[in-house]
Asks: 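Structure below; questions to follow.
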2 protein chains.
Amino acid sequence: MTETPLSLSLGQFISRMPAEMRSAVQAAGTLIRYRDGAVIQQRGDRKPGLSIIVEGRVRMSATDSEGERSTYIVHGPGNVFGEMTLFLDIPRTLDAVAVGETAIREVSRARFTRLLDTQPELRDHLLASLARQLSLALERLDDQRRLPAAMRLAKTLLTLAEPDGEGHVAHGSQSGLAEAIAASRVTTGKALAELADAGLVRTGYRAVHIRDLDALKDWVAERSFLTPLTEGD
Amino acid sequence: MTETPLSLSLGQFISRMPAEMRSAVQAAGTLIRYRDGAVIQQRGDRKPGLSIIVEGRVRMSATDSEGERSTYIVHGPGNVFGEMTLFLDIPRTLDAVAVGETAIREVSRARFTRLLDTQPELRDHLLASLARQLSLALERLDDQRRLPAAMRLAKTLLTLAEPDGEGHVAHGSQSGLAEAIAASRVTTGKALAELADAGLVRTGYRAVHIRDLDALKDWVAERSFLTPLTEGD
DNA sequence: TCCTAACTGCCAAGAAGTTTGCAATTGACC
DNA sequence: GGTCAATTGCAAACTTCTTGGCAGTTAGGA
């Protein structure tokens, strides 16, 4: 197994591998390109395999019978999804949609099974990846239960933030944000106003400008109910 | 890797193993007994390792700084918890409390690492176990977002139900149920009343009697928003 | 440059859930 | 058999969030 336990942050499935393993994985997959907004997979697709994001980003979401969509996470390059379908006989659980020009490497379960013969250490990377995802999901579950909308929004903004001039920005409409924090657009707007009143963010057209990322982090940390899980020590 | 992908239901980590692997795992662990209500671990405990439930049940929950507790799941015999701490350098994420007389086999990370050398196939069992847990967590996340309290209650009752005479029973106080469905006691009471009005359950002292488990299942299925993930085919 | 679709901001009504409090019931222990 | 703590059932006031609607703003394509 992996001697040094891995970090909590997602998106390093590929980058943590030794070069040889990485190229073996890459060779086993088929590269498929998607345009912005293209559907990569839908919930229910029976497509067992691993999907590796090579370029671009992927929004994982689910839409119910009434058309209500909720976004679970937006994966970036180096992230993987679909691991569960490798080991469980279930279809894809979430819809995946390309955010921007996106390239995905698809490794079918059959190919992956063979790959494991030559790269047995790959299992440890998957174990760590699944553990990270599970950890994230459990935290989300708790957040959804306990945190008010403004807090969930702040946490989500932290994950979405990209450097921009002096500060940071999170791109996307308020409707998109609403789907990510599991709230309505109105509630999201109010939560944004709350953060804006606190001087933490400024709203723009399809964008939220974050003056000081650390200040936002502090704001979140001060208000957390559950003791955070510190990594390493 | 495992040739035949495994089932979605939890609690078969141990039972699915070949006899030899099972005894190797058992030999690697220390058996510890707990009385009803005893604390097995607390969120934040830095105790990397795998905990296997040999006997009894374990309630996994988290309590915030205001004393509000929410139950994530109640594990039964054959289930494991703590897998994440084997591969990630994080403390235990949830509190674990014994429900009834309980026996836990604790395998430290050090022991487990050595065990993997002699039982490499163990990794595949862990992969499946983590995949199942993740799948469950994602479904929960969606349920919490979309389903009204009565639905969440019904689904939880299905997992808690034990055979009892003609029908089934779920034991526990309404406060306990409330913690499991992430709602207040009042809301839980109302949801129970709703199910009772529909003729599906009957409330008792620290118990909910389920007349016809299949009828309750149908009630849930009819009202689900998300298309269920059918296993196998 | 204009037009239009998408988006933000906001209001009002109402649904769902929470908190607080209290009376009646139940079961366990002395 | 009596006492008591835990539990259920319920009501009222309140908070949070949702739904639906509308006016003003923004960006991008014809």
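Please read these numbers as outputs of a predicted model, since none were measured by experiment. Letters A, B, ... mirror the listed sequences (proteins, then strands); counts begin at 1.
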Asks: NE2 of B/H171 versus P of D/dT7: gap in Å, rounded?
Replies: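 Atom-to-atom, B/H171 to D/dT7, this comes out as 15 Å.
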Asks: Within a 6.0 Å radius of atom CZ on A/R223, are there more than 12 heavy atoms belonging to other residues, nucleotides or ligands?
Replies: yes
Asks: To the nearest angstrom, how far is A/L177 atom CG from C/dG9 atom C1'?
Replies: 15 Å
Asks: Assess whether a salt bridge exists between B/E162 and B/R57, defined as any Lys/Arg side-chain N lying under 4.0 Å from an Asp/Glu carboxylate O.
Replies: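 A salt bridge is present here (some side-chain N lies under 4.0 Å from a carboxylate O).
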Asks: So which of residues 149-168 of chain A are in contact with DNA chain D, with a heavy-atom cut-off of under 4.0 Å?
Replies: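 A/A149 - these, ordered by number, are the residues of the stretch whose heavy atoms sit under 4.0 Å from the strand.
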Asks: Can you tell me if A/S51 and A/R92 form a side-chain donor-acceptor pair at under 3.5 Å?
Replies: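 Yes, a side-chain donor-acceptor pair sits under 3.5 Å.
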Asks: What's the CD1-P distance between A/I181 and D/dT16, to the nearest Å?
Replies: 15 Å
Asks: Could you check how far CZ of A/R202 sits from P of D/dT25, rounded to whole Å?
Replies: 18 Å
Asks: Quick one: A/L147 CG to C/dT18 P, roughly how many Å, whole number?
Replies: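 Answer to the nearest Å: 15 Å.
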Asks: Nearest-Å distance, CG (A/L195) to P (C/dG9)?
Replies: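 In whole Å, C/dG9 P and A/L195 CG are 13 Å from each other.
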Asks: Give a yes or no on whether a salt bridge exists between A/R211 and A/E166, defined as a side-chain N under 4.0 angstrom from a carboxylate O.
Replies: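 Looking at A/E166 together with A/R211, the answer is no, because their closest N to O distance does not fall below 4.0 Å.
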Asks: If only atom types and distance count, is the side chain of B/R152 paired as donor or acceptor with the main-chain N or O of B/I181 below 3.5 Å?
Replies: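 Indeed, once roles are kept as given, a pair shorter than 3.5 Å links the two residues.
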Asks: Salt-bridged, B/E139 to B/K155, with N to O below 4.0 Å?
Replies: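 Counted as a salt bridge, because a side-chain N and a carboxylate O are separated by less than 4.0 Å.
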Asks: Restricting to nitrogen or oxygen on both sides, can you table the protein-nucleotides 8-12 of chain D pairs closer than 3.5 Å?
Replies:
| from | atom 1 | to | atom 2 | distance (Å) |
| --- | --- | --- | --- | --- |
| D/dT8 | OP1 | B/Q174 | N | 3.2 |
| D/dT8 | OP1 | B/R206 | N | 3.4 |
| D/dT8 | OP2 | B/Q174 | N | 3.0 |
| D/dG9 | OP1 | B/T203 | OG1 | 2.8 |
| D/dG9 | OP2 | B/Q174 | NE2 | 2.6 |
| D/dG9 | N7 | B/R185 | NH1 | 3.3 |
| D/dG9 | O6 | B/R185 | NH2 | 3.0 |

Asks: Could you tell me whether the side chains of A/E83 and A/S129 share a donor-acceptor contact shorter than 3.5 Å?
Replies: yes
Asks: Can you measure A/R146 atom CZ to D/dC17 atom P for me and round it to whole angstrom units?
Replies: 16 Å
Asks: Between B/S184 and C/dT18, does any side-chain N or O lie under 4.0 Å from OP1 or OP2?
Replies: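 So the side-chain polar atoms of B/S184 do come within 4.0 Å of the phosphate oxygens OP1 or OP2 of C/dT18, strictly under.
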Asks: Is any side-chain heavy atom of B/D143 closer than 4.5 Å to a side-chain heavy atom of B/M151?
Replies: no
Asks: Closer than 4.0 angstrom, basic N to acidic O: yes or no for B/R146 and A/D64?
Replies: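 Looking at B/R146 and A/D64, the cut-off is met.
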Asks: Roughly how many Å is it from CD in B/E194 to P in C/dA15, rounded to a whole number?
Replies: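 Those two atoms, CD and P, are 15 Å apart.
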